[in-house]
J.: 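Provided herewith is a single structure, encoded as structure tokens, for subsequent inquiry.
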Amino acid sequence: MSNLTFGAGIWHFATYVDRYATDGYGEPRSILDAIELAGQVDDLSVVDLNYPFFGGDFSNEQVKNALEAQRLRAIGITPEIYTRVFAKGAFTNPDPGVRRLAHDLITEAADVVRYFGADYVKLWPGQDGWDYPFQVDHKKLWQLSLDGLGQLASENPDLKFVVEYKPREPRVHMAFDSVSRTLLGLEKIGLPNIGILLDFGHALFGGESPADSAQLAIDYGRLFGMDVNDNLRSWDDDMIAGTVHPTELMEFFYVLRRNNWEGVWQLDQFPFREDSVDAANLAIEFLKRVDAALDRLDVDALVEAQDRQDAVAANRLVQQALYG
Ligand code: FE
Ligand code: FE
């Protein structure tokens, strides 16, 4: 059994709206309410916090006290560079004033990371992209993405920045859409303090094999964080980890273990209709099962099977480990 730390995006414990239930699937919760719920999960140690804090005008100190009361630690701060004001992008907004706003918000978030002693500023440039053919100049848009990110990383060399890529939503096409394109961008910027936060579900949704995405990011020294969830592969459904793609989840964690990758196993789930504490517990129970299965897995035999590309032998070993 490895020494695992489990975490979650604090939004896991919020309530949500969509374009149908515009009044929400539950009463709105503040970040303090969400932290209290996160504290009820059996084995959760860290959380990723949206910034500004939602549901009220809370100080860093109030949030810190709430975390301490639940024995939780902040792993990352996620500046909300994807809200209405950034509808046409944060780094890539056509309005330089809005780009400046994004820069300032992320700079503020960097200070919040320092305050909490968190590991990184988490950037999810969900509005940076395009919707229609001919809507953008692709050269300019990509350059703005790299310039915005590179500037922040060089202004804050004491901190880590992680970019979470995703194929689409809310933009029809996101600029940081895949592991390979994100790596290309990060390598072009060439700074050591920017990495990838690999979301298992985004890789699935993007038609990637998450295990391969993880290996590639690790090979370039850029896998700074990860989160897990599940989906039906045609959308970022953010369902409970392990419910749909257990074998691929197992392969993902196998690759992390083979590379001695040490980091938090984080949940990025949106339990719209489920009890959020129960949904987190189920995911963590499954992640522990995966970890125990990795302990049982006959790795030598698997390596040998892979050397022959013997899919049947490999999957027999995995199934024996996972299902007994
Ligand atoms: Fe995520
Ligand atoms: Fe997502």
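Both ligands and their constituent atoms are indexed starting at 1 by order of listing.
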J.: For the residue pair F6 and W265, categorise the inter-ring angle as parallel (less than 30°), tilted (30 to 60°) or perpendicular (more than 60°).
T.: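 Ring orientation, 0 to 90° scale: perpendicular.
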J.: Tell me, which N, O or S atom in D236 is closest to the Fe ion (ligand 2)?
T.: OD2
J.: Going by side-chain heavy atoms closer than 4.5 Å, which hydrophobic residues are tied to I75, directly or by a chain of links?
T.: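 Reading the cluster by chain and number, I75 sits alongside V46, Y120, V162, L197, F224, V264.
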J.: Between F200 and F252 (judged by ring centroids, cut-off 6.0 Å), do the two rings come close enough to count as a pair?
T.: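 Centroid distance F200-F252: below 6.0 Å, so yes.
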J.: Report, one line per pair, each donor and acceptor closer than 3.5 Å where one atom sits in a side chain of residues 315-324; sequence neighbours left out.
T.:
| from | atom 1 | to | atom 2 | distance (Å) |
| --- | --- | --- | --- | --- |
| N315 | ND2 | A311 | O | 2.9 |

J.: Starting from the Fe ion (ligand 1), count all protein N, O or S atoms within a radius below 2.8 Å.
T.: 4
J.: Using the side chain to side chain donor-acceptor pair (under 3.5 Å) criterion, which residues pair with D237? Sequence neighbours excluded.
T.: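 None.
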J.: Looking at every heavy atom in both I196 and A217, which two are closest together, and how far apart are they?
T.: CD1-CB, 4.4 Å
